Chemist: 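Handing you a structure now.
Quantities reported herein were computed from a predicted structural model and do not represent experimental measurements.
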Amino acid sequence: MRGQHVRMDVYEIAYLAGGPQRAAEVALLGLRERGLVTLVGPRVQSGPQAAGGHPVERALAGLCPRGKGVGAVLAAVAAGPEVAEVRTRLRAAGMLGRVRARPTAAGRRERAAARASGAWPAYVFDGPPAVPDRLLRRVVQQAHPLPTGLGRSLIRMGRALDRADHRDDDHGGGASCGGGGGGGD
């Protein structure tokens, strides 16, 4: 495939830029731009006209006809067979490594060429931080699912540590983790 330009769709480029999660985010953001899904707070709902298009878009629209949490929808689409098919096509084209799903040199070249062409929105390459709408960006960034295998007790422990850290900040708790005092100016 060396020296040969491969025509890639937006979801293949998104997968090369950020993996399965990015492909799911691009589907959500693209459908929203076209008015085919609506976001109300942390929930996404698809309209009846959202059924067409790319298989990744159809999968996302099919998950939320009555409204569903953005995080759950993104996680389901990222783990779904439609995004797995994108990964399979990229591996077959030599754009992703066989063992680890990281872009090969050819994949990185295609991603760079796609970015240089300016054909795709910035969020395809840079993810939610490139979304101009601040509220939409925040909803999508906060929707990232927790890693699998974490129990509720571990999640609660993390939240408790966060609260304790904020309490220390509010009461002048100082730098307890190697920060602190140095001077030397």
Chemist: Compare every heavy atom of A17 with every heavy atom of R111, then report the nearest pair and how far apart it is.
Modeler: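 Here R111 and A17 meet closest at CD-CA, 3.6 Å.
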
Chemist: Quick check: closest heavy atoms across P128 and E25, and the distance to 0.1 Å?
Modeler: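 Heavy atoms only, the tightest pair is CD-OE1, 3.2 Å.
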
Chemist: Taking the side chain as every heavy atom from C-beta outward, state whether V56 and V77 have any pair of such atoms under 4.5 Å apart.
Modeler: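 Answer yes - side chains close enough.
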
Chemist: Can you tell me how far apart CG (D126) and CZ (R22) are? Round to the nearest 0.5 Å.
Modeler: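 Answer rounded to 0.5 Å: 7.0 Å.
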
Chemist: Can you tell me how far CZ of R66 sits from OG of S46, rounded to the nearest 0.5 angstrom?
Modeler: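 Taking OG in S46 and CZ in R66, the distance rounds to 11.0 Å.
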
Chemist: side-chain contact (heavy atoms from CB on, under 4.5 Å), that's the test. Do Q45 and V40 meet it? Break it down for me.
Modeler: CA-CA 8 Å; Q45 183 174 2; V40 179; over 6 Å; no

Chemist: Show the nearest heavy-atom pair for residues E110 and I13, with the distance to one decimal.
Modeler: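 Taking every non-hydrogen atom into account, O-CD1, 4.2 Å.
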
Chemist: Taking all non-hydrogen atoms of both residues, which atom of A114 and which atom of S117 are closest, and how far apart?
Modeler: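 Heavy-atom minimum between the residues: O-OG, 2.8 Å.
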
Chemist: Before you tell me yes or no, could you show the steps for R58 and H54 under side-chain contact (heavy atoms from CB on, under 4.5 Å), namely the whole-Å CA-CA distance, both residues' side-chain angles and the distance that decides it to 0.1 Å?
Modeler: CA-CA 6 Å; R58 286 195 303 269; H54 194 278; 6.0 Å; no

Chemist: Would V37 and L28 count as a side-chain contact (heavy atoms from CB on, under 4.5 Å) if you check the C-alpha gap in whole Å, the side-chain angles of each, and the deciding distance to 0.1 Å?
Modeler: CA-CA 8 Å; V37 298; L28 175 66; 4.2 Å; yes

Chemist: Check A14 against A23 and note the closest heavy-atom contact, atom names and distance.
Modeler: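 Nearest pair, atom of A14 first, then A23: CB-CA, 4.0 Å.
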
Chemist: Could you please spell out the steps behind the side-chain contact (heavy atoms from CB on, under 4.5 Å) verdict for Q141 and R137?
Modeler: CA-CA 6 Å; Q141 282 179 321; R137 178 176 57 239; 3.7 Å; yes

Chemist: Taking the side chain as every heavy atom from C-beta outward, state whether L96 and L16 have any atom pair closer than 4.5 Å.
Modeler: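 Counting from C-beta outward, L96 and L16 do come under 4.5 Å.
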
Chemist: In Å and rounded to the nearest 0.5 Å, what is the CD to CD distance from E85 to E12?
Modeler: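 E85 atom CD to E12 atom CD measures 9.0 Å (nearest 0.5 Å).
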
Chemist: Measuring from atom OH of Y15 to atom CZ of R89, what distance do you get when rounded to the nearest 0.5 angstrom?
Modeler: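 Output value for this atom pair is 11.5 Å.
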
Chemist: Can we say E57 and R34 salt-bridge, meaning some charged N sits less than 4.0 Å from an Asp/Glu carboxylate O?
Modeler: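 Between R34 and E57 there is a salt bridge, with a charged N closer than 4.0 Å to a carboxylate O.
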
Chemist: Salt bridge or not between R32 and D133? Use side-chain N to carboxylate O under 4.0 Å.
Modeler: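 Looking at D133 together with R32, the answer is yes, because their closest N to O distance falls below 4.0 Å.
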
Chemist: Would you indicate whether the side-chain heavy atoms of R87 and P20 approach each other to under 4.5 Å?
Modeler: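 A side-chain contact is absent here, since even the closest heavy-atom pair is not under 4.5 Å.
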
Chemist: Look up atom CG in L29 and atom CG in L136, then write down how far apart they are to the nearest 0.5 Å.
Modeler: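 Here the interatomic distance stands at 5.5 Å.
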
Chemist: With distance as the sole criterion, is a donor-acceptor pair present between the side chains of Y11 and E82 under 3.5 Å?
Modeler: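 Note: Y11 and E82 side chains miss the donor-acceptor criterion.
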
Chemist: Can you tell me how far the CH2 atom of W120 sits from the CE atom of M8, to the nearest 0.5 Å?
Modeler: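 W120 atom CH2 to M8 atom CE measures 10.0 Å (nearest 0.5 Å).
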
Chemist: On a heavy-atom basis, which atom in G97 and which in T104 lie closest, and how many Å separate them?
Modeler: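 That would be N-CG2, 3.6 Å.
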
